[in-house]
Peer 1: 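This is the structure, below, for whatever I ask next.
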Amino acid sequence: MPSKTLENGFDPIAAEQRIYKMWEEAGAFKPKYDPELEPYSIVIPPPNVTGNLHMGHALNVTLQDVLVRFERMRGKDVLWQPGMDHAGIATQMVVERKLAEEGNIGRKDMSRKDFIAKVWEWKEENGGNIENQTRRLGASCDWSRSRFTMDEGLSDAVCKVFVKMYEKGLIYRDKRLVNWDPYFQTAISNVEVENIEKDGHFWHFKYLIEGGETYTYIEKDEAGNITLEEERDYISIATTRPETMLGDGAVAVHPSDERYAPIVGKKVLLPLADRYIPIIIDEHPDPDKGSGAVKITGAHDFNDYEVAKRHNLPLHVIMDEKGHMKESEIMPAKYVGMDRFAARKAVVADIDAIGLLEKTETRKIQVPMGDRSGVVIEPMLTDQWYVNAKEIAKDAIKAMDDGTTTFKPGNWKKTWDQWMNNIQPWCISRQLWWGHRVPAWYGISLKSVATYEDGKNYERKIFVAETKQEALAQAKKYYGENVQVNISEDDVTCHVVDEDDNLSNIDLARDTDVLDTWFSSGLWPFATMGWPEDTEDMKRFYPTSVVVTAFDIIFFWVARMMMQGLHLTGQVPFKDVYIHAIVRDEKGAKMSKSKGNVIDPLVLVDKYGADALRFTLSAMAAMGRDIRLSEQRIEGYRNFGTKLWNAARFLEMKDCAPVKDFKPLSCQETVNKWIVGEAAKAAKAVTASIKAYRFNDAADTAYKFSRGLFCDWYVELIKPVMDGDNEAAKTETRACASWAYEQILKLLHPFMPFLTEELWDATDKNGTHKSFLMSADWPVLGNDFINAGAETDIAWLIDLITEVRSVRTEMNIPPSRKGKMVLIGASKDTLARMDTYKDALERMARMSEWKTANSAPRASIQAVVSEAIIALPLAGLIDMEVEKSRLYKEIESIKSEIEKIGKKLANKNFVERAPKAVVAEQHTRCEAFEAELEKLKQALDNLAS
RNA sequence: GGACGAUUAGCUCAGCGGUAGAGCACUACAUUGACAUUGUAGGGGUCACUGGUUCAAUCCCAGUAUCGUCCACCA
């Protein structure tokens, strides 16, 4: 490898692109399929094909990349499977908007086929920005195997799953109330509905009793005293959605509600509609809420639907798919065609006009909104496809219970349980065009052929099959040889009968709906591995090691993957579920376009480099907490990168280079023994932290080792060696410094891949590196790398230097001023060390020379380090009174420490009950403080004499 | 109504049953010596509050307050 000279600084923009390309072209992201290696796999949460990288992705991708790079370096065979989601609604919306902008005809004016072609066209041209954006973060996914949820393989898998589950009765068609999005005009699932609190009204209407009958209405307080008694000819109902009253089928009261007991069973006149509806009793109404009487609109409210079914009430559908009032026998002509909100106003006004508006309250109400459309969701009575989620949830719940799959952090299990145990049927059909089309074909049932009259009320026969051919085959078998069966091109079922009313010809129409995007996302971990074939990938990489995602898609995605994965493959799709934070802005608000507080990660990458952003996100990714991203912190870590760069320049300047077969354990120099031990400790800690998904701990440990120990101390301590003339020591130190630096690069690589890879190459002056850093071996350094003697020595040295620096600054000694050091009461070891580290002390503690003495010279500042008093004679430079008070303050503070410990040690209970080690530790501390106190007192005495 | 989380330095956040931490900001000093995207030193904390457990609580438990999020309900 050619050695090159390090530039003044790291240029992320140029280097990142170059390095990424280098990795990718070398195939460094691909799994090796080496049977000797332990597999490790992650599937990326597929972002929407329409998506752009936001901060949530940046965090998500960073954490996965940290894991993947870490495991790869640890020698595992790593697969990180990338890909994208076709995102039904989002994509259809984007393309429709684009068609409109370009002045093209809209979707509804073109054929389905043409529209789908447009979407694919859009996807080829504009889709998938996010893949390149993800690359910019340094993500080491194997792009060569990127998948798309609408590609052929996945589409086949989706069809197979649908058919299989249909045959088992786990997918079925049902007519029931569904969450209807009037903007997109499709059904959506429960999880796609967000309840948002809004200002609303609570309208109280009077429904008059049939025939002008009256009753005595009595209200009582809790004690049973009558608070109101009056004759009424009406029942009062309250509603937040007045327009639905046009579809009321009854008024319900609770069986225990005495107020209405006199009129139960009677009828009331539904205002405006001029229909009579009964007053019924049901458990549903809560006597304490509103008037206690509830209007029952079976076709437009989930609770009412249940009541209506119990009492066989009519289900009047009053709106069409756009949320407009629909023409029907019960709909007053005035409202037909009105938008639901216009109708609301009109209904209120009209009821008011006839004197039946009792009162209007203003209050906060929870409004169900479509998460993508942002419009109010309407419960609608429609035919849809459902998955029996309750059934397939069983195994998923069990797998989490027995720990086959675990949440990290574990507290998400509670949320999971709560939801999974109350799971509702999953509506999977969408009235959209972009997506996996439901593989069902409809014909007329043979039973219906005979009774077929008006073309409307016939029973359909459903053929569910993976392909058109299979559907045809099924149909032929069903209808018999005498019937000609075809597939309709324009999705319309029709049939022909002969003179004898026997079926002769039938056109099957395919279901026009597509499947919920999450239905296919749920197959992602195994469908991307080639399922349903029993592929090499399935055997090797499934179940995956971990899925990394944010909590807000536990229900959308994690739950569905678990349910479908277990049901279809018999195995959990992943062993761990790591739930990371949501990235918020500095004020803690969720970033959203509408709030305008979105920080574009790519802007930050441009400004500070991908490594700085990655390191920041990792360092802030403490488990179980949200991240408030602060740009200053990114800047701080960018500076850290620069620091590392400059450390490399220092090594370069001192002719340090990695030495082939260097043995860290063979080091003779104490500083070297010390940094080797520190590297071992850091490596161990970083490894343990990443393994436990404690990214912040890992980042922090690596940071402290690289900056706090290596740059701040080691580099300074070896300077005298480098500038000295002990060639053997120099040679060893050059090699050791390079070795230690290599450990830093390795430990930081998962977090800062670009900078470290660049430095790995740039510092390799002897060409000893046989691979990219990303493919190098992760440091595994045992306890034998830790040298206790060296640790003690360097700890003493650091202590001494720190102490001297501190007192000098405190006493305002100019740093330029070098001074003598006088040691009082120093041990032999200390004196030996003074000799050993004389040069370092000269540089770092501004020492000119040193000697021993029995007492401190006059006009000295003094510090206590271990057993010795260090006196710095600085006549003329210091105010002795200030020094006295400084020492006095220090004495006081130590006294208070001693007092605290003394109290503890005097406490019998503590001495008897606390662990021996803790007691011993306190004794040691106390003794150390006492010794120091003695020395300080002595120092003070020195001044007095 | 249910659940979860938070409350630690000026700010953003770690942490932990025994000795309070980081980044940034702040103060002083230094200097082009790998590094001004710098160095050294320093100031700054009743770890929200009240009880309890414990030899010992910032940490565990209970309660309170404030804030945040999710789920359900609100006819």
Side-chain angles (χ1 to χ4, degrees), chain A residues 6 8-10 194-195 202 237-241 244 251-252 284-286 289-297 301 303-304 307 363-366 409 411-412 414-415 417-419 422 551-552 554-555 582 584 586-590 608 612 616 619-620 622 624-654 694 696-697 699-700 703-704 708 711-712 715-716 719 801-802 805-810 812-816 843-844 846 897 900-901 904 907-915 917-919 921-922 925:
Chain A
L6 280 158
N8 280 334
F10 179 62
E194 290 177 342
N195 288 310
F202 203 35
I237 62 99
T239 180
T240 56
R241 299 170 58 215
T244 62
V251 170
H284 164 61
D286 179 347
K289 279 184 183 163
S291 66
V294 184
K295 61 191 264 313
I296 301 299
T297 320
D301 181 280
N303 287 313
D304 293 5
V307 177
R363 63 153 69 174
K364 297 274 183 198
I365 53 168
Q366 294 281 332
N411 51 326
W412 290 107
K414 250 189 171 167
T415 309
D417 282 341
Q418 198 177 318
W419 193 74
N422 294 297
F551 76 84
D552 52 347
I554 290 179
F555 306 143
I582 296 246
R584 299 172 183 280
E586 280 159 308
K587 291 176 195 126
K590 205 167 170 174
Y608 301 104
T616 308
M620 296 184 87
R625 276 188 70 149
D626 289 348
I627 293 179
R628 294 194 201 184
L629 191 69
S630 103
E631 198 169 325
Q632 283 178 328
R633 191 140 177 194
I634 304 174
E635 195 182 342
Y637 287 128
R638 189 266 323 264
N639 296 351
F640 168 52
T642 307
K643 187 83 183 169
L644 288 176
W645 185 268
N646 285 316
R649 290 181 66 199
F650 169 78
L651 296 182
E652 177 179 67
M653 198 181 76
K654 300 294 179 192
R694 291 197 312 265
N696 57 320
D697 283 349
D700 196 49
Y703 178 90
K704 281 183 173 142
C711 292
D712 289 351
V715 165
E716 294 304 325
K719 277 179 183 174
I801 293 168
T802 308
R805 279 172 172 173
S806 175
V807 293
R808 283 180 58 117
T809 312
E810 233 171 300
N812 283 318
I813 310 304
S816 56
R843 284 166 186 257
M844 299 173 76
R846 315 301 296 155
E897 286 296 326
K900 265 202 280 188
I901 300 171
K904 250 189 204 178
N907 183 343
K908 238 190 201 172
N909 286 326
F910 170 71
V911 179
E912 280 168 14
R913 296 191 177 183
V918 172
V919 179
E921 197 190 350
Q922 294 303 323
R925 281 186 69 215

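Lettering follows sequence order; numbering is per chain, from 1.
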Peer 1: Quick check on RNA chain B: between A:E810 and A:Q418, whose nearest nucleotide comes earlier from the 5' end?
Peer 2: A:Q418
Peer 1: Grab the CD-C1' distance between A:E635 and B:U38 for me, whole Å please.
Peer 2: 14 Å
Peer 1: Nearest to the side chain of A:E716 - B:C4, B:C71, B:A34?
Peer 2: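 Minimum distance to the A:E716 side chain belongs to B:A34.
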Peer 1: Could you tell me the Watson-Crick or G-U partner of B:A6, where both distances fall under 3.5 Å? Say none if there is no partner.
Peer 2: B:U66
Peer 1: Report the distance from atom CG of A:D304 to atom P of B:C73, rounded to the nearest whole Å.
Peer 2: 13 Å
Peer 1: Can you tell me how far OH of A:Y608 sits from CD of A:E631, rounded to the nearest 0.5 angstrom?
Peer 2: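 Here the interatomic distance stands at 3.5 Å.
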Peer 1: Among the nucleotides B:C73, B:A41, B:G39, which one has an atom lying closest to any side-chain atom of A:K643?
Peer 2: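 For the A:K643 side chain, the nearest candidate turns out to be B:G39.
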Peer 1: Once you round to the nearest 0.5 Å, how far does CD1 of A:I296 lie from OG1 of A:T244?
Peer 2: 10.5 Å
Peer 1: About how many Å separate CG of A:D417 and CG of A:N422, when rounded to the nearest 0.5 Å?
Peer 2: 10.5 Å
Peer 1: What does B:U32 pair with, Watson-Crick or G-U, if both distances are under 3.5 Å?
Peer 2: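 Partner of B:U32: none found under 3.5 Å.
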Peer 1: Please tell me if A:N639 has a side-chain N or O lying less than 4.0 Å from either OP1 or OP2 of B:U38.
Peer 2: yes
Peer 1: Under a 3.5 Å cut-off for both distances, is B:G43 Watson-Crick or wobble paired, and to whom?
Peer 2: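 Base-paired to nothing in any strand shown.
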Peer 1: Rounded to whole angstroms, how far apart are CG on A:N422 and P on B:C70?
Peer 2: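 Rounded to whole Å, this separation is 18 Å.
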Peer 1: Please determine, for the side chain of A:Q366, which listed nucleotide (B:A25, B:C73, B:U12) has the closest atom?
Peer 2: B:C73
Peer 1: Could you give the distance from CD1 (A:I801) to CE (A:M844), rounded to the nearest 0.5 Å?
Peer 2: 4.0 Å
Peer 1: Which heavy-atom pair separates A:R846 from A:P815 by the least distance, and what is that distance?
Peer 2: NE-O, 2.7 Å
Peer 1: Consider the side chain of A:M653, meaning its heavy atoms from C-beta on, and name the nucleotide among B:G33, B:U37, B:U40 that approaches it most closely.
Peer 2: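 That would be B:G33.
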Peer 1: Nearest-Å distance, CZ (A:F555) to C1' (B:C4)?
Peer 2: 11 Å
Peer 1: Which nucleotide, in any strand shown, forms a Watson-Crick or G-U wobble pair with B:A56, with both distances under 3.5 Å?
Peer 2: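 Its partner: none found.
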Peer 1: For B:G43 versus B:C26, give the span between their C1' atoms, rounded off to a whole number of Å.
Peer 2: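 Here B:G43 and B:C26 have their C1' atoms 8 Å from each other.
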Peer 1: Using only side-chain N and O atoms of A:S806, determine if any of them is under 4.0 Å from OP1 or OP2 of B:G42.
Peer 2: yes
Peer 1: So, for A:T297 and A:K295, which heavy atoms are closest and what is the spacing to 0.1 Å?
Peer 2: OG1-NZ, 2.9 Å
Peer 1: For B:A3 versus B:A72, give the span between their P atoms, rounded off to a whole number of Å.
Peer 2: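 Roughly 15 Å separates the two P atoms.
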Peer 1: Whole angstroms only, please: what is the CD-P distance between A:Q632 and B:C13?
Peer 2: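 In whole Å, B:C13 P lies 12 Å from A:Q632 CD.
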Peer 1: Hey, does A:K719 reach any base, or is it just sugar-phosphate, or nothing, if we go heavy atoms under 4.0 Å?
Peer 2: base
Peer 1: On a whole-Å scale, what distance lies between the C1' atoms belonging to B:A28 and B:C16?
Peer 2: 33 Å
Peer 1: Taking the same atom, P, in B:C49 and in B:U66, what whole-Å distance lies between them?
Peer 2: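 Their P atoms lie roughly 16 Å apart.
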Peer 1: Look at all strands and tell whether A:T415 reaches a base, only sugar-phosphate, or nothing, counting heavy atoms closer than 4.0 Å.
Peer 2: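 Touches nothing.
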Peer 1: Using a cut-off of 4.0 Å on non-hydrogen atoms, how would the nucleic acid contact of A:S291 be classed: base, sugar-phosphate, or nothing?
Peer 2: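 If one applies the 4.0 Å heavy-atom cut-off, A:S291 turns out to touch nothing in the nucleic acid.
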Peer 1: If you check every side-chain atom of A:T809, which of B:A41, B:A34, B:C70 has the closest atom?
Peer 2: B:A41
Peer 1: May I ask you to decide if the ring planes of A:W645 and A:F10 are parallel, tilted or perpendicular, using 30° and 60° as cut-offs?
Peer 2: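 It falls in the tilted class, 30° to 60°.
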Peer 1: Please name the nucleotide paired to B:A72 by Watson-Crick or G-U wobble geometry with both distances under 3.5 Å, or report none.
Peer 2: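 Base-paired to nothing in any strand shown.
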Peer 1: Quick one: which protein N/O atoms are closer than 3.5 Å to N/O atoms of nucleotides 16-18 of chain B? Pair and distance per line, please.
Peer 2:
{"from": "B:G18", "atom 1": "O2'", "to": "A:Q922", "atom 2": "NE2", "distance (Å)": "3.4"}

Peer 1: Looking at every strand, decide which applies to A:D286 at a 4.0 Å heavy-atom threshold: base, sugar-phosphate, or nothing.
Peer 2: base
Peer 1: Across all strands, who's sitting opposite B:C11 as a Watson-Crick or G-U wobble pair, both distances under 3.5 Å?
Peer 2: B:G23
Peer 1: Please report, rounded to the nearest Å, how far the P atom of B:U19 is from the CD1 atom of A:I901.
Peer 2: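 One finds 9 Å between P of B:U19 and CD1 of A:I901, rounded.
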Peer 1: If we ignore hydrogens and angles and just use 3.5 Å, is the side chain of A:E652 paired with the main-chain N or O of A:L6 as donor and acceptor?
Peer 2: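 Indeed, once roles are kept as given, a pair shorter than 3.5 Å links the two residues.
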Peer 1: Taking pairing as Watson-Crick or G-U wobble with both contacts under 3.5 Å, can you name the mate of B:G51, or confirm there isn't one?
Peer 2: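 Base partner found: B:C61.
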Peer 1: Return the minimal non-hydrogen interatomic distance between A:G292 and A:P285, and the atom names on each side.
Peer 2: O-CB, 3.6 Å
Peer 1: Within the structure, does a side-chain N or O atom of A:N195 lie under 4.0 Å from either OP1 or OP2 of B:A72?
Peer 2: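 A:N195 to B:A72 OP1/OP2: side-chain N or O found under 4.0 Å.
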Peer 1: Across the strands shown, which category fits A:A238 at heavy-atom distances under 4.0 angstrom: base, sugar-phosphate, nothing?
Peer 2: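 If one applies the 4.0 Å heavy-atom cut-off, A:A238 turns out to touch the sugar-phosphate alone, with no base involved.
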Peer 1: How are the rings of A:Y703 and A:F640 set relative to one another: parallel (under 30°), tilted (30 to 60°) or perpendicular (over 60°)?
Peer 2: tilted
Peer 1: How long is the straight-line distance from OG1 of A:T616 back to CZ of A:R638, given to the nearest 0.5 Å?
Peer 2: 10.5 Å
Peer 1: Once you round it to whole Å, what is the distance between C1' of B:A6 and CZ of A:F551?
Peer 2: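 From A:F551 CZ to B:A6 C1': 13 Å.
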Peer 1: Could you state the atom-to-atom distance from CG of A:D417 to P of B:G2 in whole Å?
Peer 2: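 Roughly 19 Å, once rounded to whole Å.
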Peer 1: Watson-Crick or G-U wobble partner for B:G17, using a 3.5 Å limit on both distances?
Peer 2: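 Partner of B:G17: none found under 3.5 Å.
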Peer 1: Write down the distance separating the P atoms in B:C13 and B:G39, rounded off to the nearest Å.
Peer 2: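 To the nearest whole Å, 25 Å.
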Peer 1: A:R649 side chain: which of B:C35, B:U38, B:C74 is closest?
Peer 2: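 Closest of the options to the side chain of A:R649: B:C35.
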Peer 1: At their closest point, which heavy atom of A:I237 faces which heavy atom of A:V251, and how far apart are they?
Peer 2: CG2-CG1, 4.0 Å
Peer 1: Determine the Euclidean distance between corresponding P atoms of B:G63 and B:G2; express it in Å to zero decimal places.
Peer 2: 12 Å
Peer 1: What's the gap between B:A48 and B:A41 when it is taken at their P atoms, as a whole Å value?
Peer 2: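 These two P atoms come out 30 Å apart once rounded.
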Peer 1: At what distance, to the nearest 0.5 angstrom, does CD of A:Q632 lie from CD of A:E635?
Peer 2: 7.0 Å
Peer 1: With C1' as the reference atom in both, quote the distance from B:G21 to B:A9 in angstrom, rounded to an integer.
Peer 2: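 Each nucleotide's C1' atom is 10 Å from the other's.
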Peer 1: Just checking A:P285: base, sugar-phosphate only, or nothing, at a heavy-atom cut-off of under 4.0 Å?
Peer 2: base
Peer 1: Between the protein and nucleotides 20-22 of chain B, which nitrogen or oxygen pairs are less than 3.5 angstrom apart?
Peer 2:
none

Peer 1: Under 4.0 Å, counting only non-hydrogen atoms across every strand here, what does A:F202 touch: a base, just sugar-phosphate, or nothing?
Peer 2: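 Counting heavy atoms under 4.0 Å across all strands, the contact made by A:F202 is with sugar-phosphate only.
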Peer 1: Determine whether a donor-acceptor pair (one donor, one acceptor, N or O, separation below 3.5 Å) exists between the side chain of A:R805 and the base of B:U40.
Peer 2: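 Side chain to base: no pair present.
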